[in-house]
Visitor: 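Have a look at this one before I ask anything.
So that the names make sense, note that chain A is the first sequence line, chain B the second, and so on, each numbered from 1.
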Amino acid sequence: EVQLVESGGDLVQPGGSLRLPCVASGFRISSYWMTWVRQAPGKGLEWVANINQDGSQKNYADSVKGRFTISRDNAENSLYLQMNSLRAEDTAVYYCARVSLSDWGEDYWGQGTLVTVSS
Amino acid sequence: DIQMTQSPSSVSASVGDRVTITCRASQGISSRLAWYQQKRGKAPKLLINAASTLQSGVPSRFSGSGSGTEFTLTISSLQPEDFATYYCQQTNSFPFTFGPGTKVDIK
């Protein structure tokens, strides 16, 4: 069974940092592009970043470029999101997701982890 | 970046109704569009990618069409489990972007 489990969500002060891990099971992430998507409370979905199979290609939303870093450890079957210089507007549930092999689109999602940025 | 819009923002419908949601891109995206369903408190679920390819396990009452800048998601006969928010996402160029969502609720 394919599973993605995010963790690391917390209350953090503005300007602080946080690292979110996402552990995959039931498949090898080494074969897939992987994505982070976030959703602010009561709001819509926002695509954050993605990374290709070997980590050589990374793409970011303008809203997080230069502050967030996506990475992966294929040996550990894990995806990460390093978030620096956090702002109140980064408050959201963060989902990790697997990109479909057949075409773009995220076909499996984790349950999400809540990041709250507040003083 | 490519901007996505959806209409309507919400729709009230009854079980058995036909529901159509429109998604428009600010520039041409070929057939690079995905549709998701999200229920309250849950992660999104991929319904359709490549504008019209139904994902495995998704009921055939869902269908997608369109290319270029205008796309539609149609639910041919609304079922109780279909009340949710639906999002489109362009997958043509990075950064990928989502539409603002369409909430389908009970009339």
Visitor: Just so I understand: if I count every heavy-atom pair under 4.5 Å between each of B:Ala50, B:Pro100, B:Gly101, B:Ala43 and chain A, which residue has the most?
Guide: B:Ala43
Visitor: Name the region of A:Lys43, side chain, backbone, both or neither, that has any atom closer than 4.5 Å to a heavy atom of chain B.
Guide: backbone
Visitor: Given heavy-atom pairs under 4.5 angstrom as the criterion, report whether the side chain, backbone, both or neither of B:Arg32 touches chain A.
Guide: side chain
Visitor: Does one hydrophobic cluster hold both B:Val19 and B:Val15, with members joined at side-chain heavy-atom distances below 4.5 Å?
Guide: yes
Visitor: Do A:Glu106 and B:Tyr36 come within less than 4.5 Å of each other through their side chains, counting heavy atoms only?
Guide: yes
Visitor: When rounded to the nearest 0.5 angstrom, what distance separates CD in A:Gln39 from OH in B:Tyr87?
Guide: 5.0 Å
Visitor: Got a second to check how far B:Met4's CE is from A:Trp47's CH2, nearest 0.5 Å?
Guide: 14.0 Å
Visitor: Is there a continuous path of hydrophobic side-chain contacts, each under 4.5 Å between heavy atoms, that joins A:Val99 to B:Leu33?
Guide: no
Visitor: Does A:Tyr80 belong to the same Ile/Leu/Val/Met/Phe/Trp/Tyr cluster as A:Trp33, with side-chain heavy atoms less than 4.5 Å apart forming each link?
Guide: no
Visitor: May I ask whether A:Tyr95 and A:Ile70 are part of the same hydrophobic cluster, defined by side-chain heavy atoms of I, L, V, M, F, W, Y residues being less than 4.5 angstrom apart, directly or through others?
Guide: no
Visitor: Is the shortest heavy-atom distance from the side chain of B:Thr53 to the side chain of A:Asp103 under 4.5 Å?
Guide: no
Visitor: Can you tell which of A:Val93, A:Val48, A:Asn50 has the highest number of heavy-atom pairs within less than 4.5 Å of chain B?
Guide: A:Asn50
Visitor: What closest approach, in Å, do B:Thr91 and A:Gly105 show between heavy atoms, and which atom pair accounts for it?
Guide: CG2-N, 4.2 Å
Visitor: What is the distance from atom CH2 of A:Trp104 to atom CD of B:Gln90, rounded to the nearest 0.5 Å?
Guide: 11.0 Å
Visitor: Identify which part of A:Tyr60 has an atom lying under 4.5 Å from any heavy atom of chain B, answering side chain, backbone, both or neither.
Guide: backbone
Visitor: Measuring from A:Trp109:CH2 to B:Leu46:CG, what's the distance to the nearest 0.5 Å?
Guide: 8.5 Å
Visitor: I'd like to know which of A:Ala61, A:Gly44, A:Ala97 tops the heavy-atom pair count under 4.5 Å against chain B.
Guide: A:Gly44
Visitor: Is there a path of hydrophobic side-chain contacts, each under 4.5 Å between heavy atoms of I/L/V/M/F/W/Y residues, joining A:Leu101 to A:Leu79?
Guide: yes
Visitor: Below 4.5 Å from any heavy atom of chain B, which atoms of A:Asn59 appear? Answer side chain, backbone, both or neither.
Guide: side chain
Visitor: Measure the shortest side-chain to side-chain distance between B:Phe96 and A:Thr35 over non-hydrogen atoms and say whether it is less than 4.5 angstrom.
Guide: no
